[in-house]
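Excluded from the calculations below are hydrogen atoms, water molecules and symmetry mates; all remaining heavy atoms, backbone and side chain alike, are included. Since the model is a prediction, treat every value here as computed from it, not as a measurement. We're numbering straight along the sequence, starting at 1.
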Amino acid sequence: RIKDASGNVIDSNSTTTITLTRTTGSGTLLGTLTQTVSSGIATFNDIKYTKAETIVIKATENTTGTNKNVSSSNIIVTSATVDLAQSLITSAAATVDVGSSILVTLTTKDAYGNQNPTGINSKAFSYNSSGGAGTFESINDLGSGVYTCNFTGTTPGVVTMTATINGGSVTSTPSPATVTVIGSQPIASIDWNIAPALTYTASDTVAMTTFKAQIKDSGGTVISGNST
């Protein structure tokens, strides 16, 4: 509102314009930033701000040429509700040896990319397998919406790290996109997947019926991740 030298609102003025600017912070004020006063008062009813930080808004009158202004107190803008598309999954490396671990990090964000969003009731780490496998340890809460977990490789192959927040899957692409588990499980035994035929007519042109050998771990499971 605009006032005279005695501190009274100039309610006879309905022509002066007032413009808002941000004097601290680094985001952009959104909305109608210039309004014309009505009975000495300019009303701003559509101002928005999307970056979580502390800002100060200054109102400046544009009519007198002296640019009289008033600044607000500190306005603390907090993060909005967690967003599955903006939240990020990162792994400390693109490879991990069988039996070794790497750190996987979930950085939660709101729809505007602000960290420390609200509304997080549960979170979990997992992976999608393309031959590889591993295990996760307990989740560590680092604060500000950041969570970490160690992933230990158990089966050679490729995995894609995933995470859920409140039961919903994080939809952003993890970085790196995949993690390769390197190494092989100890071979405990070998047997026939398809045994050779028990009879064969001597020939140097006709091959024996196809047969296959397979390697297994100590539990009797074929080591499908071993291609070496």
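- In this structure, the side chain to side chain contact (heavy atoms under 4.5 Å, CB included) partners of S12, at least two apart in sequence or on a different chain, are I10.
- Scanning for salt bridge (charged side-chain N to carboxylate O under 4.0 Å, His left out) contacts around D97 gives an empty result, with sequence neighbours left out.
- Through ILVMFWY side-chain contacts below 4.5 Å, L30 is grouped with nothing and stands alone.
- One hydrophobic cluster, built from ILVMFWY side chains closer than 4.5 Å, holds both L84 and V82.
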Could you list the donor-acceptor pairs under 3.5 angstrom formed by side chains in residues 135-150, with sequence neighbours left out?
unit_1: E137; atom_1: OE1; unit_2: N150; atom_2: ND2; d: 3.4
unit_1: D141; atom_1: OD1; unit_2: G143; atom_2: N; d: 2.9

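- Applying the side chain to side chain contact (heavy atoms under 4.5 Å, CB included) criterion to T160, with sequence neighbours excluded, gives N128, P174, T178.
- In this structure S126 satisfies the side chain to side chain contact (heavy atoms under 4.5 Å, CB included) test together with T162, sequence neighbours excluded.
- Evaluation of the side chain to side chain contact (heavy atoms under 4.5 Å, CB included) rule for T90 yields T105, S175 as partners, not counting sequence neighbours.
- Listed by chain and residue number, nothing satisfies the salt bridge (charged side-chain N to carboxylate O under 4.0 Å, His left out) test with K58 (two or more places apart in sequence, or in another chain).
- Sequence neighbours left out, the pairs with a member in residues 198-216 that pass salt bridge (Lys or Arg N to Asp or Glu O under 4.0 Å) are D191-K216.
- The other residues sharing a hydrophobic cluster with V9 are I41, where clustering joins ILVMFWY side chains under 4.5 Å apart.
- Across all non-hydrogen atoms, the minimal contact from I47 to L29 is CG2-CD2, 4.0 Å.
- Under the rule for a ring pair (Phe, Tyr, Trp, His ring centres under 6.0 Å), F44 has no partner lying at least two apart in sequence or in another chain.
- Among pairs with a residue in residues 203-224, those fulfilling ring-ring contact (aromatic ring centres under 6.0 Å, His included) read W192-F211, at least two apart in sequence or across chains.
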